[in-house]
Q: 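Before I ask anything, here is the structure I am working with.
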Amino acid sequence: MQDEIRALEARRYTAMKTGNVSALAGLLSERLVYSHSDATQDSKASYLETLSNGTLRYLDVWFETKSVLEAGDHGAVALGTMGAKIIRHGEEKTIGAMTCAVWACEGGVWRLLAYQPTALPKK
């Protein structure tokens, strides 16, 4: 499970960076709660819409999955760090965060159920 979740995290961040909304959609649960480092939240539909309509664009993304905690046979939590250069609502920003990504095995397929970043202090 450890390697599978790490690979899924890599696929998710690659899809974000390349703007591959279709690939990203396949990784996300229909029940997704996606929190952003500015304390706003999205559902699966609203998150994908922001990417599709250009409200949110990832210009560059870097990440490290530091550990994966198994939560039974059907759950896992990936803890790590991420940073990104983004354009959100027309404003370019650089963000950095500690991350908590909750993965659930739904019908035999791993999907991102919840994502919660904690913004790192600005230097």
Side-chain angles (χ1 to χ4, degrees):
M1 178 189 299
Q2 298 271 330
D3 291 341
E4 186 173 10
I5 298 300
R6 288 176 185 277
L8 287 166
E9 282 286 276
R11 284 177 48 203
R12 180 171 71 87
Y13 282 111
T14 297
M16 290 163 53
K17 183 177 178 177
T18 60
N20 189 337
V21 176
S22 177
L24 198 53
L27 296 170
L28 306 179
S29 171
E30 292 301 322
R31 303 177 293 149
L32 177 71
V33 176
Y34 192 98
S35 299
H36 298 274
S37 58
D38 66 359
T40 59
Q41 287 186 329
D42 275 306
S43 65
K44 177 180 179 176
S46 64
Y47 180 57
L48 294 174
E49 178 63 22
T50 64
L51 294 169
S52 295
N53 70 20
T55 301
L56 173 61
R57 284 191 10 233
Y58 293 92
L59 304 176
D60 196 11
V61 177
W62 51 97
F63 76 98
E64 179 183 4
T65 302
K66 295 188 177 207
S67 63
V68 175
L69 307 175
E70 295 182 22
D73 293 337
H74 302 287
V77 179
L79 302 170
T81 55
M82 70 84 66
K85 283 183 113 173
I86 65 169
I87 296 176
R88 189 156 188 222
H89 302 292
E91 182 181 339
E92 188 170 320
K93 301 178 186 181
T94 300
I95 57 173
M98 294 174 22
T99 60
C100 179
V102 179
W103 289 84
C105 191
E106 299 176 333
V109 178
W110 285 100
R111 301 215 192 287
L112 183 68
L113 180 64
Y115 179 75
Q116 179 73 53
T118 301
L120 293 170
K122 302 272 185 204
K123 294 182 181 182

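In what follows, residues are counted from 1 in the order of the sequence shown. These figures come from a predicted structure and were not determined experimentally. Any value given below was found using the heavy atoms of this structure, including those in side chains, with hydrogens, waters and symmetry copies removed.
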Q: Going by salt bridge (Lys or Arg N to Asp or Glu O under 4.0 Å), name the residues that satisfy it together with Asp60, two or more places apart in sequence or in a different chain.
A: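 Asp60 satisfies salt bridge (Lys or Arg N to Asp or Glu O under 4.0 Å) with Lys17 only.
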
Q: Does Met98 CE have over 12 foreign heavy atoms under 6.0 Å away?
A: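 Open: at most 12 neighbouring heavy atoms sit under 6.0 Å from CE of Met98.
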
Q: In terms of side-chain geometry, is the basic nitrogen of Glu9 or Arg12 positioned less than 4.0 Å from the acidic oxygen of its partner?
A: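 A salt bridge is present here (some side-chain N lies under 4.0 Å from a carboxylate O).
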
Q: Of all the heavy-atom pairs spanning Leu32 and Ala114, show the shortest one and how long it is.
A: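 For Leu32 versus Ala114, the nearest heavy atoms are CD1-N, 4.0 Å.
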
Q: Do Leu112 and Leu27 have side chains that approach each other closer than 4.5 Å (heavy atoms only, starting at C-beta)?
A: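 Answer no - side chains too far apart.
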
Q: Only counting residues at least two apart or in another chain, list the ones meeting side-chain hydrogen bond (donor to acceptor under 3.5 Å, both in side chains) with Glu92.
A: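 If we apply the side-chain hydrogen bond (donor to acceptor under 3.5 Å, both in side chains) test to Glu92, skipping adjacent residues, there are no hits.
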
Q: Report the residues that fulfil salt bridge (Lys or Arg N to Asp or Glu O under 4.0 Å) with Arg88, sequence neighbours left out, ordered by chain and then residue number.
A: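 If we apply the salt bridge (Lys or Arg N to Asp or Glu O under 4.0 Å) test to Arg88, skipping adjacent residues, the hits are Asp38.
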
Q: Take a 6.0 Å sphere around CZ of Arg6 and say whether it holds more than 12 heavy atoms from other residues, nucleotides or ligands.
A: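 More than 12 within 6.0 Å, yes.
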
Q: Which residues pass the side-chain hydrogen bond (donor to acceptor under 3.5 Å, both in side chains) test with Glu70, sequence neighbours left out?
A: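 Expected list: none.
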
Q: Partners of Thr65 by side-chain hydrogen bond (donor to acceptor under 3.5 Å, both in side chains), sequence neighbours excluded?
A: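 Here no residue qualifies.
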
Q: Going by ring pair (Phe, Tyr, Trp, His ring centres under 6.0 Å), name the pairs with one or both residues in residues 50-88, residues two or more places apart or in two chains.
A: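 Only Tyr13-Phe63 qualify under ring pair (Phe, Tyr, Trp, His ring centres under 6.0 Å).
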
Q: Does Ser37 use its side chain to pair, donor to acceptor, with the backbone of Ala119 at less than 3.5 Å?
A: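 It does not hold such a pair.
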
Q: Once you round to the nearest 0.5 Å, how far does CD of Glu49 lie from NZ of Lys44?
A: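 Rounded to the nearest 0.5 Å, the CD-NZ separation comes out at 14.0 Å.
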
Q: Could you pull out all residues at least two apart from Glu91 that satisfy salt bridge (Lys or Arg N to Asp or Glu O under 4.0 Å)?
A: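 Salt bridge (Lys or Arg N to Asp or Glu O under 4.0 Å) check on Glu91 returns nothing, list empty.
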
Q: Kindly say whether His36 contributes a backbone atom to a donor-acceptor pair with the side chain of Thr40 at under 3.5 angstrom?
A: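 Such a contact is absent between Thr40 side chain and His36 backbone.
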
Q: Side chains of Leu51 and Met16, heavy atoms from C-beta outward: is any pair under 4.5 Å?
A: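 Heavy-atom side-chain distance check fails, nothing below 4.5 Å.
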
Q: Say you draw a straight line from NZ of Lys66 to OG1 of Thr99; how long is it, rounded to the nearest 0.5 Å?
A: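 Reported value, rounded in 0.5 Å steps: 9.0 Å.
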
Q: If you draw a 6.0 Å radius around CG in Asp3, do more than 12 non-hydrogen atoms from other residues or ligands fall strictly inside?
A: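 It does not: Asp3 CG has 12 such atoms or fewer within range.
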
Q: Closest approach of Ser35 and Gln116, non-hydrogen atoms and distance?
A: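 Shortest heavy-atom contact: OG-OE1, 3.3 Å.
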
Q: Could you work out the complete set of other residues in the hydrophobic cluster of Leu59, with links drawn between I, L, V, M, F, W and Y side chains under 4.5 Å apart?
A: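 Its cluster partners, ordered by chain and number, are Ile87.
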
Q: To the nearest 0.5 angstrom, please state how far the CD1 atom of Ile86 sits from the CD1 atom of Ile95.
A: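 So the CD1 of Ile86 and the CD1 of Ile95 are separated by 4.5 Å.
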
Q: Among Ile, Leu, Val, Met, Phe, Trp and Tyr joined by side-chain contacts under 4.5 Å, find the other residues sharing a cluster with Leu113 and list them by chain and number.
A: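 Once heavy-atom contacts under 4.5 Å are chained together, Leu113 belongs with Leu69, Val77, Leu79, Val102.
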
Q: Atom OG of Ser46 and atom CG of Leu56: how far apart are they, to the nearest 0.5 Å?
A: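 With rounding to 0.5 Å, OG (Ser46) is 11.0 Å from CG (Leu56).
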
Q: Under the side-chain hydrogen bond (donor to acceptor under 3.5 Å, both in side chains) rule, collect the residues that match up with Arg57, sequence neighbours excluded.
A: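 Arg57 satisfies side-chain hydrogen bond (donor to acceptor under 3.5 Å, both in side chains) with no residue once adjacent residues are dropped.
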
Q: Among residues two or more places apart or on two chains, list those pairs meeting ring pair (Phe, Tyr, Trp, His ring centres under 6.0 Å) that have a residue in residues 77-122.
A: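 Those involving residues 77-122 are Tyr34-Tyr115.
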
Q: Can you name the side chain to side chain contact (heavy atoms under 4.5 Å, CB included) partners of Arg111, sequence neighbours left out?
A: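 Only Ser29, Glu106, Val109 meet the side chain to side chain contact (heavy atoms under 4.5 Å, CB included) criterion with Arg111.
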
